[in-house]
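Okay, so here's the structure we're looking at.
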Amino acid sequence: MSLKNKAIRGVAWSVLDKLINQLGFICVTLYLAKVIGPEAFGLVGMLTIFMLLAESVVNNGFSQALVQRSHSLTEADSSTIFYVSLLWSVAIYAVLYTAAPLIANFYQEPELVQISRLLFVIIIINSLTVVARAKLIIRVDFKSQGIATFVATLISSAVAIYLASKSYGYWAFVWLLLIKALLQNIGFWFFCRWLPKLRFSRDSFKSLFKFGSNLMLAGFISTLVNNLYVAMIGRYFNATSVGYFTQATNLTNLLVQLISSTLQGVTYPLLTSIKEQQDRLVSLYRQLIAVTMLVSLPALVGFSAVADSFVLFFMGEEWGPAIPIIQVLCFARAITPISSINMNILNAVGRSDLFLKVDLSKLPMTVFALFISIPYGIQAVAWAMLTTSCIAYFINSYYPGKLYGFGAWSQLKVAKNYIFSATIMFLVVHHVDFDKVLVDLILSTLLGMVIYFGLLAILKDAMFRKIFLEIKGELKVRC
């Protein structure tokens with residue numbers, strides 16, 4: 001199968017996976033948020049940073065190291081990483097289990113002891129499929145991943161909705177996450193059809209760790225930086241404030257992940273397969289930047305414009321204080337997919353050392369912004385995140401610009417039509433009011449789409465026209 005066909009097929013299945021599974025998951029969490037309220041939601045949110053930090057140590061580095069070695073991956077490599085990941089996860093779980101009372105004391109929430117000890121089991125569950133997931137990614141097999149995730153989301157959502165209806169409060173959300181992780185990983189094993197051998201190679205571990213350790217440390221730092229806000233809000237405010245901020249973060253992050261994980265999940269293995277062919281690599285990189293900006297800007301900026309109607313309809317007036325936070329974070333996250341691509345290409349060409357260097361350089365800025373803003377409340381923290389996201393974009397694009405001559409200003413030049421169209425869309429939609437909440441949400445969304453894509457058509461944007469003509473041609477063939 002050609003590179004183009006692999007990409008198209010991978011994107012198609014990945015988009016379908018995200019549309020069905022992530023949007024379905026969003027709907028369930030919105031329902032749970034409405035039923036259990038911001039305080040109960042915030043209790044689970046307080047543990048997010050510990051979960052994500054553990055995941056970054058156990059999964060991120062080794063998974064990407066396996067994908068990066070896709071052209072020469074051996075059975076010794078796979079089996080070695082399986083056992084290392086499992087041992088890592090058990091050790092980390094033991095530490096977190098013991099530290100549960102300290103975590104509860106940090107937040108001054110006694111309920112967190114029991115919640116954390118159950119929720120942290122997910123760390124061990126996810127470690128079991130580091131290799132299986134990597135093998136599916138190497139095959140660009142997003143169909144199997146989509147099916148596994150769909151079944152897991154469907155069953156876990158049904159259980160969570162039942163528990164919420166029976167007044168189990170935050171336990172409904174905990175069991176949603178736990179059951180989803182368990183069933184999803186069973187599905188990955190089923191489709192991967194791989195079992196570890198009783199084999200451990202020191203050479204495999206050393207070589208993969210050399211690449212993966214940089215990503216592991218970079219992932220740890222990046223996760224710490226991105227989630228330190230929630231942790232400190234939980235420390236200095238209350239569970240309700242954490243609930244508002246966590247839900248705002250989750251909603252905007254899910255939109256970003258829907259875009260980033262779809263494009264990067266497909267293109268990362270493709271980029272690694274042509275990393276020795278610089279002309280093809282740079283060409284794909286430029287197209288990826290354009291496509292991502294084309295999609296990410298209207299999605300995030302548009303969501304900011306309709307955030308008030310969205311929250312009031314799906315979550316209720318109780319969640320009203322989260323609206324301004326969502327609006328600011330939408331702009332903060334609008335640039336995140338591009339920053340991720342700039343970092344992703346460093347991994348694809350094996351420069352995890354530069355990836356680590358870039359992430360380390362952003363840590364002081366983020367910590368400084370957090371401690372300056374937190375005395376002024378959670379909205380000030382959101383504005384601090386917007387400021388640091390903009391600065392981080394220029395930091396992230398430095399090395400790709402130096403290596404390939406396609407830095408921050410060149411990327412913004414490519415995106416000028418999307419920035420202009422998204423800005424006009426926001427200004428119009430944000431000031432339109434159709435009275436009834438549901439009517440306002442639907443009509444404002446449709447109006448935003450018409451304005452954005454209409455302006456791109458008027459501007460004769462090359463990437464928009466290319467995608468439009470390809471979709472049109474595909475539809476003609478199928479009809």
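Numbering of residues begins at 1 and proceeds along the displayed sequence. Fair warning: this is a prediction, and the values are worked out from it, not measured in the lab.
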| query | Any idea how His430 and Phe426 line up, ring-wise: parallel (<30°), tilted (30 to 60°), or perpendicular (>60°)? | reply |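 Parallel, since the angle between the ring planes stays under 30°.
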| message | Students often mix this up, so state it plainly: with edges at 30° and 60°, are the rings of Phe50 and Tyr107 parallel, tilted or perpendicular? | response |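 Taking Tyr107 first and then Phe50, their aromatic rings stand perpendicular (interplane angle over 60°).
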| message | Could you work out, with side-chain hydrogen bond (donor to acceptor under 3.5 Å, both in side chains) as the rule, every residue matching Tyr399, not counting sequence neighbours? | response | Lys357
Locate the shortest heavy-atom distance separating [X] from [Y]; write the atom from each residue and the value.
| X | Y | answer |
| --- | --- | --- |
| Leu294 | Tyr452 | O-OH, 2.9 Å |
| Thr29 | Gln247 | O-NE2, 4.0 Å |
| Lys180 | Ala152 | O-CB, 3.5 Å |
| Ile122 | Met51 | CB-CE, 3.7 Å |
| Tyr83 | Pro196 | OH-CB, 4.0 Å |
| Ala100 | Ser116 | CB-OG, 3.4 Å |

Can you confirm whether [X] sits close enough to [Y] that some side-chain heavy atom of one is under 4.5 Å from a side-chain heavy atom of the other?
| X | Y | result |
| --- | --- | --- |
| Leu118 | Gln114 | no |
| Val44 | Leu177 | yes |
| Lys362 | Asn396 | yes |
| Phe420 | Ile424 | yes |
| Val230 | Met46 | no |
| Ile125 | Leu178 | yes |
| Asp440 | Asp433 | yes |
| Ile49 | Leu53 | yes |

Is there a donor-acceptor pair closer than 3.5 Å between any side-chain N or O of [X] and the backbone N or O of [Y]?
| X | Y | value |
| --- | --- | --- |
| Ser85 | Phe82 | no |
| Thr48 | Gly45 | yes |
| Ser397 | Tyr393 | yes |
| Asn105 | Gln108 | no |
| Ser309 | Val306 | no |

May I have the list of side-chain donor-acceptor pairs in residues 30-42 shorter than 3.5 Å, sequence neighbours left out?
none

To the nearest 0.5 Å, tell me how far [X] [atom1] sits from [Y] [atom2].
| X | Y | atom1 | atom2 | result |
| --- | --- | --- | --- | --- |
| Thr240 | Glu318 | OG1 | CD | 8.0 Å |
| Ile391 | Phe394 | CD1 | CZ | 9.5 Å |
| Leu136 | Gln145 | CG | CD | 5.0 Å |
| Ile326 | Thr252 | CD1 | OG1 | 7.5 Å |
| Met449 | Thr445 | CE | OG1 | 8.5 Å |
| Ile451 | Leu447 | CD1 | CG | 4.0 Å |

Taking atom [atom1] as the centre, does [X] end up with more than 12 heavy-atom neighbours from other residues, nucleotides or ligands that are less than 6.0 angstrom away?
| X | atom1 | value |
| --- | --- | --- |
| Phe434 | CZ | yes |
| Phe368 | CZ | no |
| Tyr168 | OH | no |
| Trp189 | CH2 | yes |
| Trp175 | CH2 | no |

| request: Run through Ile103, Ile92, Val95 and flag the one making a side chain to side chain contact (heavy atoms under 4.5 Å, CB included) with Phe120. | output: Ile103
| request: Could you point out which residue of Ile115, Leu52, Leu96 forms a side chain to side chain contact (heavy atoms under 4.5 Å, CB included) with Leu47? | output: Ile115
| request: Compute the centroid of each ring, for Trp319 and then for Phe310, and state whether the two points are separated by less than 6.0 Å. | output: no
| query | Would you say the side-chain atoms of Ser304 and Gln327 include a donor-acceptor pair closer than 3.5 Å? | reply |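 Looking only at side-chain atoms, Gln327 and Ser304 do not form any donor-acceptor pair under 3.5 Å.
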| said: Quick check with a 6.0 Å cut-off and a 45 degree axis cone: is Arg133 positioned over the face of Phe188's six-membered ring? | reply: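 No cation-pi geometry.
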| said: As a quick check of understanding, evaluate side-chain contact (heavy atoms from CB on, under 4.5 Å) for Trp171 and Leu163, giving each step before the final call. | reply: CA-CA 8 Å; Trp171 288 113; Leu163 291 175; 5.7 Å; no
| request: Check the pair Tyr418, Leu456 against side-chain contact (heavy atoms from CB on, under 4.5 Å), reporting the backbone distance first and the verdict last. | output: CA-CA 7 Å; Tyr418 315 131; Leu456 289 182; 3.7 Å; yes
| task | Show your reasoning for whether side-chain contact (heavy atoms from CB on, under 4.5 Å) applies to Phe303 and Leu251. | result | CA-CA 10 Å; Phe303 186 54; Leu251 287 172; 4.3 Å; yes
| Leu228 vs Thr366, side-chain contact (heavy atoms from CB on, under 4.5 Å): CA-CA, chis, key distance, verdict | CA-CA 9 Å; Leu228 193 58; Thr366 305; 5.9 Å; no
